[in-house]
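Presented below is the structure to which this report refers.
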Amino acid sequence: MTLTDATPDDLIKDGSDAGFMADVVEASKTQPVIVDFWATWCGPCRQLTPALEKAVRAAKGAVKLVKIDVDKNPAYAGQLRVQSIPTVYAFKDGQPIDGFQGAIPESQIKAFIERLTGEGGVSDVENLLALGNESLGLDDIGGAAQAFAEVLSIDPGNVKAVTGMARVYLATGDREQAIQTLAMVPATSTDPDVQAVRAQLALGSAPAQDDGATADLRAKVTANPGDHQARHDLAQALAAQGDFKGAVDELIEIVRADREWNDQAARKTLLTVFDAAGAGSDVARDGRRRLSSILFA
């Protein structure tokens, strides 16, 4: 059956924790999936869900919608840090790539789906955002700052540009300015870029470790591989230095040896590192795959 042949029943379904991997994660590898976390007692949910259903049907098979009652199915809502409802996540290629919180107008829902499906033209703002992100990747901090600033002159509330400027300040070591800049974004924002910067700031709040201290931690782990606290400290030090892959490697080892250690501290720190690296990054994708192979073995 082609996407355009899909019926409303195929496009919209009630999901569950038991079916999450199949209905959302695996399904999103072939078609984008929108997940609506809701509850029967939630007033804004009763406004948002029908609008989401309408927009999904209007997309004529380009996306699917999975609705999850958080009271009956709390597990994945907890893993995705759903703190209030309604909360919506978009999954693509097995990963959450976008999201929002609260009831929003139909026009914004339509734009959300268009971003997810790649429909619509590429605007000047999108080009500038792409330029800013590319510049950051090349360590061209000045070029990135100029691109993000130009977006903000066009759209002062653009979350991606605000987040980009916060990343610029982080790249220059100005943590306080990064915090002040990110404060321009609503605290309820679930934008993946916002979550990434928040995670970077959270990791950066750990005591800084210089190369000598990091080497000492690595020596402790080598001498006693079962010292989970030393390995966890090493992972935090590596993450604070921007070595997210190294941090993931150490944390995975803790989960593999004892997933319940220190109230699942390693798994929780892993989620923060994934956020800091970026939900769509190779580090996050590979790390989530490795973590899943341990947790669901």
Side-chain angles (χ1 to χ4, degrees), residues 1-38 45 48-70 72-73 75-77 79-82 85-101 103-123 126 129-130 160 190-193 195-196 274-275 277-293 295-296:
M1 177 174 58
T2 64
L3 294 182
T4 54
D5 292 332
T7 66
D9 288 340
D10 296 317
L11 299 176
I12 301 170
K13 71 180 299 183
D14 293 317
S16 66
D17 285 336
F20 192 91
M21 290 299 293
D23 294 338
V24 177
V25 177
E26 292 302 322
S28 72
K29 294 178 181 178
T30 56
Q31 180 181 9
V33 177
I34 296 172
V35 185
D36 175 20
F37 290 101
W38 67 286
C45 297
L48 178 66
T49 299
L52 273 173
E53 293 176 348
K54 177 182 176 182
V56 167
R57 291 190 182 99
K60 298 180 179 179
V63 295
K64 288 186 176 182
L65 173 64
V66 175
K67 302 178 293 181
I68 296 184
D69 183 337
V70 297
K72 296 178 180 178
N73 303 279
Y76 282 96
Q79 287 191 28
L80 289 167
R81 302 179 183 178
V82 174
I85 51 174
T87 289
V88 172
Y89 276 97
F91 278 72
K92 193 171 183 179
D93 298 325
Q95 298 292 333
I97 62 168
D98 204 351
F100 64 85
Q101 197 171 61
I104 62 175
E106 289 188 13
S107 60
Q108 293 185 28
I109 294 174
K110 180 181 178 183
F112 177 76
I113 291 177
E114 286 178 349
R115 289 200 306 273
L116 183 60
T117 59
E119 296 181 0
V122 178
S123 67
E126 289 172 314
L129 289 173
K160 298 289 188 184
T190 59
D191 183 281
D193 288 348
Q195 292 181 332
F274 294 159
D275 284 344
S281 68
D282 290 341
V283 168
R285 284 197 296 265
D286 179 66
R288 289 186 187 279
R289 178 187 58 77
R290 293 165 64 191
L291 178 61
S292 295
S293 70
L295 297 181
F296 299 109

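The residues of the chain are indexed from 1 along the displayed sequence.
With rounding to the nearest 0.5 angstrom, the CG atom of D286 is 9.5 Å from the OG atom of S281. Atom CZ of F20 is separated from atom CD of E26 by 11.5 Å, given to the nearest 0.5 angstrom.
E126 and K160 are not joined by a salt bridge, as no carboxylate oxygen comes within less than 4.0 angstrom of a charged side-chain nitrogen. Between R285 and D93, none of the side-chain N atoms (NZ, or NE/NH1/NH2) sits under 4.0 Å from a carboxylate O, so this pair counts as no salt bridge.
For the pair L291/F274, a side-chain contact is recorded, criterion being any heavy-atom separation below 4.5 Å from C-beta on. For the pair W38 and V70, the minimum side-chain heavy-atom distance is 4.5 Å or more. Between Q95 and R288 the shortest side-chain heavy-atom distance falls below 4.5 Å. Side-chain atoms of V88 and I104, non-hydrogen and from C-beta on, never get closer than 4.5 Å to each other. Looking only at side-chain heavy atoms (C-beta outward), V35 and I68 come within less than 4.5 Å of each other. Contact annotation: the side chain of L52 approaches that of I109 to within less than 4.5 Å [non-hydrogen atoms, C-beta and beyond]. With contacts defined as side-chain heavy-atom distances shorter than 4.5 Å, the pair L48/F100 qualifies. Using a 4.5 Å heavy-atom threshold, the side chains of R81 and D275 count as touching.
Atom NZ of K110 sits in a sparse spot, with 12 or fewer heavy atoms from other residues, nucleotides or ligands closer than 6.0 Å.
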Derivation of the side chain to side chain donor-acceptor pair (under 3.5 Å) call for T49 and D36: CA-CA 7 Å; T49 299; D36 175 20; 2.7 Å; yes
Stepwise side-chain contact (heavy atoms from CB on, under 4.5 Å) test for L116 and I97: CA-CA 8 Å; L116 183 60; I97 62 168; 3.5 Å; yes
Test log, rule side-chain contact (heavy atoms from CB on, under 4.5 Å), inputs F37 and L80: CA-CA 10 Å; F37 290 101; L80 289 167; 3.7 Å; yes
Chi angles and distances behind the side-chain contact (heavy atoms from CB on, under 4.5 Å) call for L11, L65: CA-CA 6 Å; L11 299 176; L65 173 64; over 6 Å; no
Test side-chain contact (heavy atoms from CB on, under 4.5 Å) applied to I34 and F112, step by step: CA-CA 10 Å; I34 296 172; F112 177 76; 4.1 Å; yes
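For D17 (side chain) and A75 (main-chain N/O), a donor-acceptor pair under 3.5 Å exists by modelled atom type. Using modelled atom types, one side-chain atom of T30 and one backbone atom of A27 make a donor-acceptor pair closer than 3.5 Å. In terms of modelled atom types and a separation under 3.5 Å, the side chain of S28 and the main chain of Q31 share no donor-acceptor contact.
Listed here is the closest heavy atom pair of C45 and P50: O-CD, 4.0 Å. What you find for G15 and N73 is that their closest heavy atoms are O-ND2, 3.9 Å. Smallest separation of non-hydrogen atoms from A62 and P32: O-CD, 3.6 Å. Here the closest heavy-atom approach between residue V56 and residue V63 is recorded as CG1-O, 3.7 Å.
If you look at Y89 and Y76, their ring centroids are not closer than 6.0 Å.
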